[in-house]
Amino acid sequence: MPITVEQLQRVGIQMRPDELEAMVLDVLEHMLPSSTTEPRRDLSPADAAALERGGFNLENRQLSTDPLAQTAAEFAALLVSSLTVAEVAEALGVDVSRVRQRLAARALYGIKRRTGWRVPRFQFDGRRLIPGIEEVIPHLDPRLQPVAVWRWFTTPTNDLALDDDDVAVSPRDWLRAGHDPTAVGALAIAL
């Protein structure tokens with residue numbers, strides 16, 4: 001069923017459905033980057049020029065400044081890119097009941113929908129959970145909005161600067177690098 005302008009306006013979003021769709025696709029590309037980060041690299045100079053003449057921006061794409069629309073697009077992209085319980089079970093090599101147990105124990109972050117649980121991919125590194133994430137998830141307030149959780153896990157913070165370069169990293173990257181999850185857990189409590 002296509003979304004209408006009226007439906008968007010009813011929930012406070014002042015844009016056309018095609019604009020929201022474009023925003024969701026843009027957010028999905030950000031959340032799940034393709035193998036190439038520079039679209040121009042896969043195009044001939046003539047093809048790139050033709051696309052730009054047609055209105056495509058092959059550099060930086062600008063999202064709407066409407067924060068509600070931005071959050072809605074990020075939430076939609078988060079749900080669409082998330083895994084089902086069965087997909088998580090297959091990836092981890094466990095039974096679906098074990099995945100549901102982890103979700104109930106809050107050792108795995110999930111979004112409960114009418115159609116079932118959705119498990120955001122930011123918790124995974126390939127087909128395995130990020131080391132230590134099961135020690136962090138229980139510290140998150142269960143009332144936090146899923147987009148806020150995703151942003152927090154993927155946004156660099158000075159609270160997790162690497163010793164060598166004093167470079168800020170995200171909680172997700174901190175854990176992926178094998179650092180102590182206690183530091184991330186302490187930050188999760190403060191959210």
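- Counting heavy atoms from C-beta outward, Leu160 and Pro171 have side chains that approach closer than 4.5 Å.
- Put simply, the side chain of Pro156 does not reach to within 4.5 Å of the side chain of Val169, judged on heavy atoms.
- Residues Pro181 and Val136 share a closest heavy-atom pair of O-CG2, 3.8 Å.
- Within the structure, side chain to side chain donor-acceptor pair (under 3.5 Å) pairs that include any residue of residues 92-112 comprise Asp95-Ser97, Arg98-Gln101 (at least two apart or interchain).
- Nearest heavy atoms, Thr154 versus Ser170: C-CB, 3.5 Å.
- When all heavy atoms of Leu108 and Leu103 are compared, the closest pair comes out as O-CD2, 3.6 Å.
- Note on Leu144 and Phe153: same hydrophobic cluster, where clusters join Ile, Leu, Val, Met, Phe, Trp and Tyr whose side-chain heavy atoms are under 4.5 Å apart, directly or indirectly.
- For the atom pair CD1 (Ile130) and CZ (Arg176), the distance works out to 6.0 Å, reported to the nearest 0.5 Å.
- Atom CG of Leu83 is separated from atom CD of Gln123 by 9.0 Å, given to the nearest 0.5 angstrom.
- The OG1 atom of Thr157 lies 12.5 Å from the CG atom of Asp173; values are rounded to the nearest 0.5 Å.
- Inter-residue side-chain proximity for Trp152 and Leu191 is flagged as met; some heavy-atom pair is nearer than 4.5 Å.
- Judged as a side-chain contact (heavy atoms from CB on, under 4.5 Å), and not counting sequence neighbours, the contacts of Thr84 are Ala86, Glu87, Arg118.
- Ser82 OG to Phe124 CZ: the interatomic distance, rounded to the nearest 0.5 Å, is 9.5 Å.
- The cluster map of Ile, Leu, Val, Met, Phe, Trp and Tyr, joined by side-chain heavy atoms under 4.5 Å apart, puts Val149 and Ile189 in different clusters.
- Rounded to the nearest 0.5 Å, atoms CZ (Phe122) and CG (Leu78) are 7.0 Å apart.
- With Gln7 contributing its side chain and Thr4 its backbone, the two residues share a donor-acceptor pair below 3.5 Å.
- The two atoms that bring Glu74 and Arg151 nearest to each other are OE1-NH2, 2.5 Å, heavy atoms only.
- The stretch residues 137-149 participates, sequence neighbours left out, in these side chain to side chain donor-acceptor pair (under 3.5 Å) pairs: Asp141-Arg143.
- Inter-residue side-chain proximity for Ile111 and Pro146 is flagged as met; some heavy-atom pair is nearer than 4.5 Å.
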